Number of protein chains: 2
Amino acid sequence: MSVSDGRSILEEGAPAHDFFVLTNGRVKLFTLLPDGRRQITAFAEEGYFLGLAAVKTYSFSAEALGDVHLCRFPHASMQRLVERFPNLEHRLREEASRELSLMQARMTLLGRKTARERLATFLVERGKLLTQKGNTGFQEINLPMPRTDIADYLGLTIETISRVFSAFKKDGLIKIQGVTHVKVLHPEKMLMISEGLE
Amino acid sequence: MSVSDGRSILEEGAPAHDFFVLTNGRVKLFTLLPDGRRQITAFAEEGYFLGLAAVKTYSFSAEALGDVHLCRFPHASMQRLVERFPNLEHRLREEASRELSLMQARMTLLGRKTARERLATFLVERGKLLTQKGNTGFQEINLPMPRTDIADYLGLTIETISRVFSAFKKDGLIKIQGVTHVKVLHPEKMLMISEGLE
DNA sequence: CGAGAGGTTGATACCACTCAACGGCAGTGG
DNA sequence: CCACTGCCGTTGAGTGGTATCAACCTCTCG
């Protein structure tokens with residue numbers, strides 16, 4: 001199944017018929033308030049399990065960030081798969097557990113961290129993704145999402161994001177190499193800031 | 001297993017050996033920042049599964065809110081149980097999914113709602129708990145936790161909690177009958193406020 | 001070259017935080 | 001029985017961090 005940039009994959013409140021695995025590209029998950037305020041709850045990458053949190057209806061919306069490929073599994077066929085491969089159930093639970101841990105950290109970010117700490121946390125998080133994938137250092141960071149999305153992910157506004165980036169730059173902590181590319185010059189210090197140790 | 005008021009049940013970062021089921025009483029789950037800032041991620045009631053999010057180490061701490069009884073299942077024994085009752089694995093995943101949905105709503109609260117909306121959401125949430133248990137209406141609400149805990153749950157300070165309660169009272173929306181007991185006079189309106197529709 | 005979207009920067013406003021004083025209540029000891 | 005003490009919650013005054021509103025910049029695309 002293919003979805004092109006900006007198109008919706010699933011919608012909050014709709015009956016949860018399917019389960020998805022992201023095979024290629026990126027997706028943002030979010031919930032909306034009636035007046036349009038948005039909270040992005042996750043950026044999903046390749047391999048992400050979409051629709052784990054599904055109870056009867058989806059509890060969030062998902063939208064392609066760039067072009068995306070995914071595998072769709074209707075719940076009925078999932079049930080068949082689970083019967084044939086009992087281990088799958090365990091795998092799904094494992095994935096849900098991992099997700100729960102991440103969410104707890106994000107709740108602390110949203111409830112208790114300052115703008116500076118939030119953005120630092122975001123950069124550190126993205127840096128880890130890169131090291132996992134075997135890139136050289138810890139510091140070349142890609143930001144494939146627009147500022148609006150970063151803001152809605154961190155519970156801030158685009159202006160605040162922009163200002164904090166500028167402040168980091170002024171402090172010699174980062175180098176901005178185009179809107180989507182940032183180099184973290186002092187990863188250890190960035191980590192300190194992200195934990196509120198300045 | 002019994003734990004008395006205020007005592008720790010498990011600690012963030014400790015190796016996750018056990019899984020718990022809350023059989024009696026209440027528990028607060030939370031994470032801490034190095035400087036002591038705290039985010040309460042959940043108040044757990046009877047029947048709650050504690051330690052679902054466990055990966056290798058616990059990703060949160062848990063503390064008794066009042067005296068508490070729980071069943072402890074070492075992971076090894078859980079594994080045996082899962083083998084004997086294959087359905088249990090499914091049940092665990094279900095519980096994790098439910099938890100994920102709740103957390104998404106809470107992220108929206110922490111990232112995007114005002115103090116007024118947060119407290120209204122909290123009251124509505126607690127009101128639902130009561131109706132589920134078959135109490136008369138929708139409005140008699142019990143607050144077994146101190147203001148400090150409510151504040152750390154909603155990402156606010158105790159002073160703000162106190163002020164918003166006072167404002168609700170002045171607006172004739174609630175009646176405060178002692179620190180731990182609140183009567184919601186206009187549940188529908190409280191619901192509106194909680195969703196930002198004033 | 002013009003238009004529009006996305007991002008940055010500046011000025012100002014406002015909501016929630018901080019700091020401080022006060023009040024009520026429970027537990028303690030005289 | 002009553003002061004004393006400490007904890008918890010409320011209320012007030014002032015501050016500050018982030019939002020809001022607005023102008024400007026930069027890049028892309030037609």
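On a predicted model such as this, the values are computed, not experimentally measured, just so you know. In what follows, chains carry the letters A, B, and so on, assigned in the order in which the sequence lines appear, proteins first and then strands, with residues in each chain numbered from 1.
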Distance check needed: D/dT18 P versus A/R118 CZ, whole Å only.
8 Å
Expressed as a whole number of angstroms, how long is the span from A/D152:CG to D/dT18:P?
17 Å
Taking the ring centre of each residue, are B/F49 and B/F19 less than 6.0 Å apart?
yes
What is the separation between atom CD1 on A/I176 and atom P on C/dG7, rounded to the nearest whole Å?
12 Å
Side-chain N or O of B/S166 less than 4.0 angstrom from OP1 or OP2 on D/dT11?
yes
Mark yes when over 12 heavy atoms from residues, nucleotides or ligands other than A/E94 sit less than 6.0 Å from its CD; otherwise mark no.
yes
In whole Å, I'd like the distance from the CZ atom of B/R147 to the C1' atom of C/dG23.
15 Å
Taking the six-membered ring for Trp, are A/Y153 and A/F43 closer than 6.0 Å centroid to centroid?
yes
Quickly work out the A/I158 CD1 to D/dA22 P distance and round it to whole Å.
15 Å
Check this for me, if you would: do B/R116 and B/D171 make a salt bridge, where the nitrogen-to-carboxylate-oxygen distance has to be below 4.0 angstrom?
yes
Could you write out each protein N or O paired with an N or O of nucleotides 16-20 of chain C at a distance under 3.5 Å?
unit_1: C/dA16; atom_1: OP1; unit_2: B/A115; atom_2: N; d: 2.7
unit_1: C/dC17; atom_1: OP2; unit_2: B/T157; atom_2: N; d: 3.4
unit_1: C/dC17; atom_1: OP2; unit_2: B/T157; atom_2: OG1; d: 3.1
unit_1: C/dC17; atom_1: OP2; unit_2: B/T160; atom_2: OG1; d: 2.4
unit_1: C/dT18; atom_1: O4; unit_2: B/R163; atom_2: NH2; d: 3.0
unit_1: C/dC19; atom_1: N4; unit_2: B/E159; atom_2: OE2; d: 3.1

Step through the shown structure and confirm whether more than 12 heavy atoms of other residues, nucleotides or ligands are within 6.0 Å of CD on B/E11.
no
Spacing between A/L154 atom CG and D/dG17 atom C1', to the nearest angstrom:
16 Å
Counting heavy atoms not belonging to B/Q177, are there more than 12 under 6.0 Å from its CD?
yes
Between D/dG12 atom P and B/K170 atom NZ, what is the distance in whole Å?
10 Å
Could you give the CZ-to-P distance, from A/F168 to C/dT9, as a whole number of Å?
15 Å
